[in-house]
K.L.:
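Pasting in a structure now, in structure tokens, and then I'll have a few things to ask.
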Amino acid sequence: MFRSFLTRLARRLGWANQASVAAPVAEVAARPAAPAQSALPTDVFTPTRPRSGRKSLVGRQAELTRILDAVLDETAHVVLYSERGRGKTSLSNLTIEALRRRGAIVARCACEAESTFDTIARSLVRDLPPSLLSVELPDADGEGCEAMLPQRSLRPADIAAIPASLNCPFVVFVIDEFDRVTDLETRTRLADTIKLLSDRGIRLYFMVVGVSDTLEQIIGQHPSIQRNIVPIHLPLLRDDEIAGMLTKGGQQAGISFTDAAVRLVVNVARGMPYMAQLLGLRITQAALRRGDEQVQDVDLVAAVNRLLDETSAAVVSTYASLVGAGSEPGMSALLFRLVNAEQDQWGRMAVARTPSHVVVGGRRLPESVWNRLMDTGILIQPEGEGGMVQFRDRGLVYYVQLLAARADLAGERQAAANGAPPLLRPVASGS
Ligand SMILES: Nc1ncnc2c1ncn2[C@@H]1O[C@H](COP(=O)(O)OP(=O)(O)OP(=O)(O)O)[C@@H](O)[C@H]1O
Ligand SMILES: [Mg+2]
């Protein structure tokens, strides 16, 4: 019984798959359990899992409406793209639920590096329930509706023929992780399929999802299908949405986040749901480990330290080389200013020039620092966006924010003295 209590407690603290399950029995037993009706922290904050269900996602209403309009009213195909971890798969889940409620039959697949047009199409058709088939197939072997496809290499016309053999008003094929596909021919065949479906008004729509900064990187250069596609470049979440994610998640986990905790997460995440989920989880775990339902600064310190410890060696060494011996004086403060510069909803910062400085997102950088950041590829220009830059690796942004947060929490950093805004600044509301 005592053992099962410990197991339940470990699950509640989200240790089920972690080394800390092996914590000494006496130490674990000393930690009081939080209220039984609360959800597990790892069920509430899910940095490694896409979300599903309207109630579990914050924001994304505008993007969902745009996707539904595209498919339902404009009979267009959708390409959803963004940098990694911004919530594409979560939004796809939400879209699939909404489409199914409107009568669509949705099949989905996730690509691998080896995926081809053939393997993707077959995997999608396997995901269609055989009960939908409106025709008798001579050879009913295979999963789902797989038997409807010819054995030879598939052509766009084979895909266009699918809806005619199904009893359903319309079909949506969702292809996730399309950026992983290395075979160029697959992109061309998909574009040809989209063209064919559009030209013939066939009610089968594709939603192609992948990591990219541009539409072209995802589907390739196919001007013939541009007008048949609605591109959706998924924005970051707004600060108030991140704050809402935290407070709501806290309530579900039986934890109350202080304003300082919410501000910390908002400021470190800078609109990135993945980071908000991760930091939210670590703070919650730290508070529960103390047996407290109220987050305290000590939990923020524990969470920040843990994330700093888990930062990749590549990011740590990039930072060290930037602020190390021989670098610009005050480089760490400059970096802090830069990672807090004004960004647009896609994380891009406007660049302007004065005779002696480069102004990035409203923050002045000496020319030498700007040159170094561009030469080393820390800042990059997004394709087709001449007057903008973005961080190549968002990990560096988090690292700088976390270091500053650690100093803030230790009361070491005097933000006003170096002209930087205090890290724990108030959260802006609205967009
Ligand atoms: N709208 C949202 N509300 C709450 N959490 C979200 C939201 N969108 C994404 N998340 C969280 O952010 C993280 C990343 O989400 P998701 O896996 O959907 O992103 P992605 O863009 O598909 O990532 P990848 O590029 O790695 O495939 C997950 O932890 C997910 O739970
Ligand atoms: Mg994804």
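We're numbering straight along the sequence, starting at 1.
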K.L.:
Test L396 against every option in V316, V339, L322 by the side-chain contact (heavy atoms from CB on, under 4.5 Å) rule and name the one that passes.
P.N.:
L322

K.L.:
My understanding is that only residues two or more places apart in sequence, or in another chain, count here; which of them pass side chain to side chain contact (heavy atoms under 4.5 Å, CB included) with V351?
P.N.:
V358, W370, V389

K.L.:
Taking distance alone, no hydrogens or angles, what donor-acceptor pairs closer than 3.5 Å link side-chain atoms of residues 206-213 to residues at least two apart or in another chain?
P.N.:
residue : atom : partner : partner atom : Å
S212    : OG   : T214    : N            : 3.0
S212    : OG   : T214    : O            : 2.5
S212    : OG   : Q217    : OE1          : 2.9
D213    : OD2  : Q390    : NE2          : 3.0

K.L.:
Please find the pair of heavy atoms, one from A269 and one from A276, that lie closest to each other, and give the distance.
P.N.:
CB-N, 3.9 Å

K.L.:
If you take all heavy atoms of M388 and A350, which pair is closest and at what distance?
P.N.:
SD-CA, 3.7 Å

K.L.:
About how many Å separate CZ of R263 and CD1 of I242, when rounded to the nearest 0.5 Å?
P.N.:
16.0 Å

K.L.:
Side-chain contact, heavy-atom cut-off 4.5 Å: L72 with F170?
P.N.:
yes

K.L.:
Tell me the salt bridge (Lys or Arg N to Asp or Glu O under 4.0 Å) pairs involving residues 189-202, sequence neighbours left out?
P.N.:
E185-R189, K195-D199

K.L.:
Write out all pairs satisfying side chain to side chain donor-acceptor pair (under 3.5 Å) with one or both partners inside residues 156-182, taking only residues at least two apart or from two chains.
P.N.:
T89-D176, R152-D158

K.L.:
Restricting to side chain to side chain contact (heavy atoms under 4.5 Å, CB included), what partner residues turn up for R66, sequence neighbours left out?
P.N.:
D69, A70, E74, V230, I232

K.L.:
Is there a donor-acceptor pair closer than 3.5 Å between any side-chain N or O of R337 and the backbone N or O of A333?
P.N.:
no

K.L.:
If the condition is salt bridge (charged side-chain N to carboxylate O under 4.0 Å, His left out), which residues does D344 pass it with, not counting sequence neighbours?
P.N.:
R348

K.L.:
Looking only at atom types and distance, does a side-chain atom of R126 sit under 3.5 Å from a main-chain N or O of C145, one as donor and one as acceptor?
P.N.:
no

K.L.:
Using the salt bridge (Lys or Arg N to Asp or Glu O under 4.0 Å) rule, collect all pairs that involve residues 104-122, keeping only residues at least two apart or in two chains.
P.N.:
D118-R122

K.L.:
Are M275 and R270 close enough that some pair of their side-chain heavy atoms sits under 4.5 Å apart?
P.N.:
no

K.L.:
Could you check whether atom CZ of R364 has more than 12 heavy atoms from other residues, nucleotides or ligands sitting under 6.0 Å from it?
P.N.:
no

K.L.:
So which heavy atom on A121 is nearest to which on L149, and how close?
P.N.:
O-CD1, 4.2 Å

K.L.:
Do the non-hydrogen side-chain atoms of V171 and R203 ever get within less than 4.5 Å of each other?
P.N.:
no

K.L.:
Do L80 and K88 touch side chain to side chain, with heavy atoms closer than 4.5 Å?
P.N.:
yes

K.L.:
Side chains of P273 and M245: closer than 4.5 Å at any heavy-atom pair?
P.N.:
yes

K.L.:
Looking only at atom types and distance, does a side-chain atom of E83 sit under 3.5 Å from a main-chain N or O of D393, one as donor and one as acceptor?
P.N.:
no

K.L.:
Applying side chain to side chain contact (heavy atoms under 4.5 Å, CB included), run through F391 and L338 and close with a yes or a no.
P.N.:
CA-CA 10 Å; F391 282 96; L338 185 61; 3.7 Å; yes

K.L.:
Do any pairs count as a side chain to side chain donor-acceptor pair (under 3.5 Å) and have a residue in residues 310-323, sequence neighbours left out, and if so which ones?
P.N.:
R306-E310

K.L.:
Just so I know, are the side chains of I120 and V181 near enough to count as touching, which here means a heavy-atom distance under 4.5 Å?
P.N.:
yes

K.L.:
Looking at OG1 of T95 and CD1 of I67, how far apart are the two atoms once the value is rounded to the nearest 0.5 Å?
P.N.:
4.0 Å

K.L.:
Got a donor-acceptor contact below 3.5 angstrom from the Q277 side chain to the Y274 backbone?
P.N.:
no

K.L.:
Going by the rule ring pair (Phe, Tyr, Trp, His ring centres under 6.0 Å), which residues pair with H233 if we only count those two or more places apart in sequence or in a different chain?
P.N.:
Y81, W346

K.L.:
I'd like to check the side chain to side chain donor-acceptor pair (under 3.5 Å) partners of S332; sequence neighbours left out, ordered by chain and number.
P.N.:
none

K.L.:
List in chain and number order the residues that pass ring pair (Phe, Tyr, Trp, His ring centres under 6.0 Å) with F178, two or more places apart in sequence or in another chain; answer none if no residue qualifies.
P.N.:
none

K.L.:
Determine whether L166 and I105 satisfy the following criterion, side chain to side chain contact (heavy atoms under 4.5 Å, CB included), listing intermediate values before the conclusion.
P.N.:
CA-CA 10 Å; L166 298 177; I105 296 300; 5.8 Å; no

K.L.:
Please evaluate residues I219 and R187 with respect to the criterion side chain to side chain contact (heavy atoms under 4.5 Å, CB included), reporting the C-alpha separation (whole Å), side-chain torsions for both, the decisive distance (0.1 Å), and the verdict.
P.N.:
CA-CA 6 Å; I219 53 158; R187 289 190 161 68; 5.8 Å; no

K.L.:
Which residues pass the side chain to side chain contact (heavy atoms under 4.5 Å, CB included) test with V304, sequence neighbours left out?
P.N.:
L264, L308, L402, A405, R406, L409

K.L.:
Are the side chains of L204 and V172 in contact, using a 4.5 Å heavy-atom criterion?
P.N.:
no

K.L.:
Which pair of heavy atoms, one from A160 and one from L197, lies closest together, and at what distance?
P.N.:
CA-CD2, 3.8 Å

K.L.:
Measure the spacing between CD1 of I283 and CG of L246 and express it to the nearest 0.5 Å.
P.N.:
6.5 Å

K.L.:
Working to the nearest 0.5 angstrom, can you tell me the gap between I229 CD1 and S198 OG?
P.N.:
8.0 Å

K.L.:
Quick one: do R100 and E97 make a salt bridge, cutoff under 4.0 Å?
P.N.:
no

K.L.:
Are any side-chain N or O atoms of T247 and backbone N or O atoms of A243, one a donor and one an acceptor, separated by less than 3.5 Å?
P.N.:
yes

K.L.:
So, N340 versus Q401: side-chain donor-acceptor pair below 3.5 Å or not?
P.N.:
yes

K.L.:
Does R51 use its side chain to pair, donor to acceptor, with the backbone of S90 at less than 3.5 Å?
P.N.:
no

K.L.:
Got a donor-acceptor contact below 3.5 angstrom from the Q252 side chain to the G249 backbone?
P.N.:
no

K.L.:
Locate the shortest heavy-atom distance separating L57 from S52; write the atom from each residue and the value.
P.N.:
CD1-N, 4.1 Å

K.L.:
Donor-acceptor pair, E216 side chain versus Q221 backbone, under 3.5 Å?
P.N.:
no

K.L.:
Can you measure from CG (L215) to NE2 (H222) and round to the nearest 0.5 angstrom?
P.N.:
10.0 Å

K.L.:
Taking all non-hydrogen atoms of both residues, which atom of N93 and which atom of P50 are closest, and how far apart?
P.N.:
ND2-CB, 4.0 Å

K.L.:
Quick one: CG on L334 to CG on L373, what's the gap to the nearest 0.5 Å?
P.N.:
9.0 Å

K.L.:
Among Q294, R290, Q285, find the residue that satisfies the side chain to side chain donor-acceptor pair (under 3.5 Å) test when tested with D299.
P.N.:
R290

K.L.:
Show the numbers, then the answer: is there a side chain to side chain contact (heavy atoms under 4.5 Å, CB included) between M272 and Y398?
P.N.:
CA-CA 10 Å; M272 179 60 94; Y398 303 140; 2.9 Å; yes

K.L.:
Taking the side chain as C-beta and beyond, is there a heavy-atom pair between V78 and Y205 under 4.5 Å?
P.N.:
no

